[in-house]
Amino acid sequence: MAEENVNLKSETRSPFLVLGIESSCDETAASVVSNDFRILSNIVGSQFEHHQPYGGVVPELAARAHAETIDIIVSRAITEAGISFRDLNAVAATGGPGLIGGVLVGATFGKALALANQIPFLAVNHLEGHALTARLTDQLDFPYLLLLVSGGHSQILIVKDVGSYKLLGTTLDDAVGEAFDKVAKLLGIDMPGGPNLEKLALKGDPEKYRFPRPLLGRPDCNFSLSGLKTAVRYKINQLCNISSQDKADISASFQKAVCDVIVDRCANAIDKCQLDLSKSLSFVAAGGVAANKSIRTALQTLSYQKGIQFIAPPISLCTDNAAMIAWAGVERFNKGDFDGFDFLPKPRWPLDNS
Ligand code: KG4
Ligand code: ZN
């Protein structure tokens with residue numbers, strides 16, 4: 001909290017505008033969002049061509065690419081929003097978790113902008129950006145149940161309030177997005193692995209290979225995916241000369257196994273909420289993997305069977321973007337919960353505080 005740095009521009013607080021900056025992995029993104037649920041601009045610059053030759057994100061290259069493009073991306077977000085920097089009421093930047101070089105670039109740029117314009121700075125937890133997106137898109141009330149599945153995290157949480165989370169389950173090894181990316185790499189699928197594997201799976205038979213469903217049927221809400229990944233590796237080795245149809249069948253069968261595991265874990269979480277809280281919570285899927293259509297459909301069906309509302313944000317707001325960071329900034333602004341310019345980026349920053 002650094003109120004001495006803050007000019008609340010109280011005369012313009014309704015509506016107010018927050019610039020969001022995202023730079024925690026391989027997307028440099030900036031967005032202007034208003035507190036009345038409008039996304040005025042949403043620019044995402046991909047670093048895809050920097051990392052593709054290496055088959056994965058190279059942290060040092062990512063940090064450099066963020067530094068090279070962040071000013072251009074932010075300027076575009078301001079221009080496309082049809083505003084000037086003077087119209088902003090706050091700057092929110094991802095403060096972690098993520099690749100520290102990239103987070104440093106975005107957070108430092110955000111602090112400088114806030115300082116120059118004498119407006120508050122908010123360091124946003126990237127996971128909280130994903131977690132609160134459904135409130136921007138669907139004006140959802142607290143509390144709700146959340147499946148957060150991305151490249152680095154797989155968690156099931158109860159979102160109680162801004163900054164207030166109860167963890168019900170997490171991954172014991174690989175995150176779901178990480179498993180998609182690793183299996184894509186094993187199959188020689190180009191980056192970005194997850195979305196390209198999903199495309200290939202459309203041409204495959206999901207019943208062709210019966211891969212293991214780790215932890216299926218267990219009463220908790222945790223995930224474990226490394227055994228599934230290893231089973232895919234064995235199958236690829238066993239097939240030797242793998243045809244393009246084999247690749248499609250393996251992709252479809254892997255994706256089906258992941259869907260079954262996710263549905264089983266989420267069913268437990270829904271039941272647990274109904275039992276513990278004696279009421280049904282709306283169910284939200286967020287994070288990059290929530291862009292996967294098979295997973296969305298499976299969760300929609302599960303929610304229908306359980307008689308609860310299901311919300312998955314539009315695909316462009318599931319994968320990394322800065323509108324979610326700006327919106328989390330709006331939520332924190334509403335609480336007067338600002339950060340000082342002495343905020344230090346955090347490579348690790350757990351969401352839950354239960
Ligand atoms: O949330 P996100 O954009 O970045 C992180 O915070 O990690 O999630 C990226 C992850 C990657 O592992 C990517 O392969 C996966 O989400 N992903 C997908 C799909 N789109 C992105 N996985 C499966 N199917 C997709 N359509
Ligand atoms: Zn993310």
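Atoms within each ligand, like the ligands themselves, are counted from 1 in listed order. The first residue of the sequence shown is numbered 1, and numbering continues consecutively from there. Worth knowing before you read on, the calculation uses all heavy atoms, side chains too, and leaves out hydrogens, waters and symmetry mates.
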Could you walk me through whether Val263 and Ile295 pass side chain to side chain contact (heavy atoms under 4.5 Å, CB included), step by step? CA-CA 8 Å; Val263 165; Ile295 293 173; over 6 Å; no
Counting from 1, what ligand 1 atoms have a heavy atom of His130 closer than 4.0 Å? 1 (O), 6 (O)
Hey, mind stepping through Asp249 and Asp205 against side chain to side chain contact (heavy atoms under 4.5 Å, CB included) and telling me if it holds? CA-CA 5 Å; Asp249 290 338; Asp205 174 3; 3.6 Å; yes
Applying side chain to side chain contact (heavy atoms under 4.5 Å, CB included) to Ser34 and not counting sequence neighbours gives Leu17, Asp36, Arg38, Leu40
Looking only at atom types and distance, does a side-chain atom of Arg76 sit under 3.5 Å from a main-chain N or O of Ala30, one as donor and one as acceptor? no
Nearest neighbour in protein (non-hydrogen) for atom 22 (N) of ligand 1: Gly194 CA, 3.6 Å
Less than 4.0 Å between a side-chain N and a carboxylate O, is that true for Lys160 and Asp352? no
Return the residue, atom name and 0.1 Å-rounded distance of the protein heavy atom closest to atom 24 (N) of ligand 1. Asn292 ND2, 3.1 Å
Non-hydrogen atoms of Pro195 versus ligand 1: any pair closer than 4.0 Å? yes
Salt bridge or not between Glu178 and Lys182? Use side-chain N to carboxylate O under 4.0 Å. yes
Side-chain atoms of residues 137-144: list all donor-acceptor pairs with protein atoms under 3.5 Å, sequence neighbours left out, distances to 0.1 Å.
{"from": "Thr137", "atom 1": "OG1", "to": "Thr133", "atom 2": "O", "distance (Å)": "3.3"}
{"from": "Tyr144", "atom 1": "OH", "to": "Ala131", "atom 2": "O", "distance (Å)": "2.6"}

Contact partition for Asp181 relative to ligand 1, non-hydrogen atoms under 4.0 Å: side chain
Charged N-O contact under 4.0 Å between Asp271 and Lys306: yes
Distance under 4.0 Å to a non-hydrogen atom of His126: what atoms of ligand 1 satisfy this? 6 (O)
Please identify which atoms of ligand 1 are closer than 4.0 Å to at least one heavy atom of Glu198. 25 (C), 26 (N)
The atoms of ligand 1 lying under 4.0 Å from a heavy atom of Gly151, numbered in the order shown, are 5 (C), 7 (O), 8 (O), 9 (C), 10 (C), 12 (O)
I'd like the atom name of the N/O/S atom in Asp320 lying closest to the Zn ion (ligand 2). OD1
Indicate whether any N or O donor in one side chain lies under 3.5 Å from an N or O acceptor in the other, for Ser46 and Glu27. no
With respect to the Zn ion (ligand 2), please indicate if His126 possesses an N, O or S atom at a distance under 2.8 Å. yes
Would you please determine whether Gly152 falls within less than 4.0 Å of ligand 1 on a heavy-atom basis? yes
Which protein heavy atom lies closest to atom 15 (C) of ligand 1, and at what distance to 0.1 Å? Val289 CG2, 4.0 Å
Could you tell me if any non-hydrogen atom of Lys293 lies under 4.0 Å from any atom of ligand 1? no
Salt bridge Asp339-Arg332, side-chain N to carboxylate O under 4.0 Å: yes
Salt bridge Asp174-Lys229, side-chain N to carboxylate O under 4.0 Å: yes
Measure the distance from atom 4 (O) of ligand 1 to every protein heavy atom, then report the residue, atom name and distance (to 0.1 Å) of the closest one. Asp320 OD2, 3.0 Å
Output yes when the distance from some N or O of ligand 1 to some N or O of Gly288 is under 3.5 Å, and no in every other case. yes
Is His130 close enough to the Zn ion (ligand 2) that one of its N, O or S atoms comes in under 2.8 Å? yes
Show the atoms of ligand 1 that are less than 4.0 angstrom away from any heavy atom in Gly177. 12 (O)
Between Glu27 and ligand 1, which part of the residue brings a heavy atom under 4.0 Å of the ligand: side chain, backbone, both or neither? neither
